[in-house]
Participant: 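Sharing a structure with you now.
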Amino acid sequence: MIYIILAALAVGLSLGLFGSGGSILTVPALIYLLHHEDTVAIAESLAIVGSIALIIVLPYAKARLVDWRLALRFGLPGMAGTYLGAWLAAFVPGYVQLFVFAGVMVLAAIQMWRKSKTNVTSPQQPAAAMRSNMKIGIDGLAVGILTGFVGVGGGFLIVPALVLLAGLTMRQAVATSLLIIAMNSAIGLIKHLNVLNEMGTFVDLRTVGLFIAVGVIGSFIGKRLSDKLPQRAMQRGFAVFLILMAGFILVKETTSLIALPV
């Protein structure tokens with residue numbers, strides 16, 4: 001039980017600090033600590049992370065750090081993509097989903113680390129801003145597909161996209177990411193619950209409730225820390241965190257595949 005509580009705290013801390021990373025911890029915790037089936041863990045992760053994100057975004061909104069228009073431009077295509085990704089997930093085994101999950105984490109980490117070396121808050125020219133708007137919609141769709149496919153909120157892609165394409169500061173990106181995560185998670189959860197119902201399987205509501213309750217506490221701790229940390233350090237810490245978790249998942253899943261009988 002203590003490991004579950006610590007995992008839930010870490011989930012909330014990551015969401016409050018980085019605006020992402022919740023599912024990166026939630027999915028492995030549900031699969032490797034609680035031994036839930038991949039499909040069930042993905043649905044539970046969407047419920048947990050989406051609920052925590054919706055709660056922790058409130059103080060960010062009060063501080064006027066949420067870019068509402070950008071959230072809609074990114075989030076609406078993302079919701080459509082999430083539904084598509086959840087539909088695609090029904091056709092592949094769980095380990096494929098996790099390998100895709102880890103691979104995208106590595107790419108996002110590399111991109112975020114590189115960008116931490118440059119100034120991302122300078123104003124964009126009108127033409128560049130227009131191109132970025134198109135890219136934001138496309139990225140929103142792509143992140144949504146990933147959200148539905150592997151059961152993540154997508155914040156580890158949303159935050160870099162908002163920083164790199166929209167020119168938001170790290171704190172603005174974190175705040176806006178939380179709202180988009182809640183939107184994507186909601187539609188993804190609906191689709192995954194339909195799939196689980198067809199399979200005769202259900203989520204564990206007690207586990208989901210415990211993760212949400214403890215995770216909210218961790219998220220507010222993360223929010224306080226994010227107000228005090230320099231943005232460049234947050235970006236680099238975020239990138240290192242992604243690499244470590246991706247490595248863990250790749251090693252764990254590769255070991256499990258090798259151990260399977262031929």
Side-chain angles (χ1 to χ4, degrees), residues 8 11-12 15 19-31 34 36-58 61 66 68 70-94 96-98 100-101 104 136-158 161 176-213 215-216 219:
V11 168
L15 282 170
S20 62
S23 299
I24 295 171
L25 291 173
T26 306
V27 172
L30 293 171
I31 294 175
L34 298 182
H36 289 194
E37 295 181 9
D38 295 343
T39 52
V40 175
I42 287 173
E44 291 171 339
S45 173
L46 289 169
I48 292 165
V49 173
S51 298
I52 296 174
L54 186 60
I55 294 171
I56 191 58
V57 78
L58 298 177
V66 177
W68 298 94
L70 189 57
L72 289 177
R73 293 204 302 270
F74 199 107
L76 292 179
M79 293 176 75
T82 299
Y83 192 88
L84 175 60
W87 176 78
L88 291 172
F91 299 98
V92 299
V96 173
Q97 293 171 279
L98 292 175
V100 172
F101 180 26
V104 177
I136 286 168
I138 295 172
D139 274 17
L141 180 66
V143 169
I145 292 173
L146 183 68
T147 295
F149 189 69
V150 295
V152 299
F156 60 88
L157 287 176
I158 298 170
T176 306
S177 170
L178 290 167
L179 179 59
I180 296 170
I181 287 171
M183 295 167 63
N184 286 355
S185 296
I187 193 69
L189 176 61
I190 291 172
K191 178 58 179 177
H192 275 285
L193 287 178
N194 290 336
V195 173
L196 291 181
N197 186 53
E198 294 174 359
M199 297 170 57
T201 310
F202 305 94
V203 299
D204 186 336
L205 294 179
R206 289 186 299 178
T207 298
V208 171
L210 176 62
F211 263 82
I212 292 173
V216 166
S219 68

Participant: Tell me the closest heavy-atom pair linking Ile212 and Ala47, and the distance in Å.
Facilitator: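 Scanning both residues, the minimum pair turns out to be CD1-O, 4.1 Å.
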
Participant: Under a 4.5 Å cut-off applied to non-hydrogen side-chain atoms, are Val100 and Leu146 in contact?
Facilitator: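 Touching, per the 4.5 Å side-chain cut-off.
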
Participant: Taking the side chain as every heavy atom from C-beta outward, state whether Met79 and Asn184 have any atom pair closer than 4.5 Å.
Facilitator: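 Yes. Closest side-chain heavy atoms under 4.5 Å.
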
Participant: Return the CG to CG distance between Leu179 and Leu72, rounded to the nearest 0.5 Å.
Facilitator: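 If we round to the nearest 0.5 Å, Leu179:CG and Leu72:CG are 7.5 Å apart.
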
Participant: Can you check whether Leu30 reaches Thr207 side chain to side chain, under 4.5 Å on heavy atoms?
Facilitator: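 Yes; the side chains approach each other to less than 4.5 Å.
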
Participant: Rounded to the nearest 0.5 Å, what's the gap from CD1 on Ile42 to CD1 on Ile31? Could you check?
Facilitator: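 So the CD1 of Ile42 and the CD1 of Ile31 are separated by 6.5 Å.
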
Participant: How long is the straight-line distance from CE of Met199 back to OG1 of Thr39, given to the nearest 0.5 Å?
Facilitator: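 Separation between the atoms: 4.0 Å.
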
Participant: I would like to know whether Phe202 and Asn197 meet side-chain contact (heavy atoms from CB on, under 4.5 Å); could you show each step before the answer?
Facilitator: CA-CA 7 Å; Phe202 305 94; Asn197 186 53; 4.2 Å; yes

Participant: Donor-acceptor pair, Ser45 side chain versus Ala41 backbone, under 3.5 Å?
Facilitator: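 No, because the side chain of Ser45 does not come within donor-acceptor range (under 3.5 Å) of the backbone of Ala41.
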
Participant: Identify the heavy atoms of Ala53 and Ile181 that sit nearest to each other, and give their distance.
Facilitator: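 Scanning both residues completely, I find the closest heavy atoms to be CB-CG2, 3.9 Å.
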
Participant: Could I get the full list of side chain to side chain contact (heavy atoms under 4.5 Å, CB included) partners for Ala61, not counting sequence neighbours?
Facilitator: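 So Ala61 forms a side chain to side chain contact (heavy atoms under 4.5 Å, CB included) with Val66, Trp68.
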
Participant: Quick one: do Phe74 and Val143 satisfy side-chain contact (heavy atoms from CB on, under 4.5 Å)? Show the steps, please.
Facilitator: CA-CA 9 Å; Phe74 199 107; Val143 169; 4.0 Å; yes

Participant: Pairs in or reaching into residues 71-87: which pass side chain to side chain donor-acceptor pair (under 3.5 Å), with residues at least two apart or in two chains?
Facilitator: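 Only Arg73-Asn133 qualify under side chain to side chain donor-acceptor pair (under 3.5 Å).
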
Participant: Could you tell me the separation between the CG atom of Asn194 and the CG atom of Leu189, rounded to the nearest 0.5 Å?
Facilitator: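 One finds 9.5 Å between CG of Asn194 and CG of Leu189.
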
Participant: Answer whether the closest heavy-atom distance between the side chains of Ile52 and Val11 falls below 4.5 Å.
Facilitator: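 Touching, per the 4.5 Å side-chain cut-off.
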
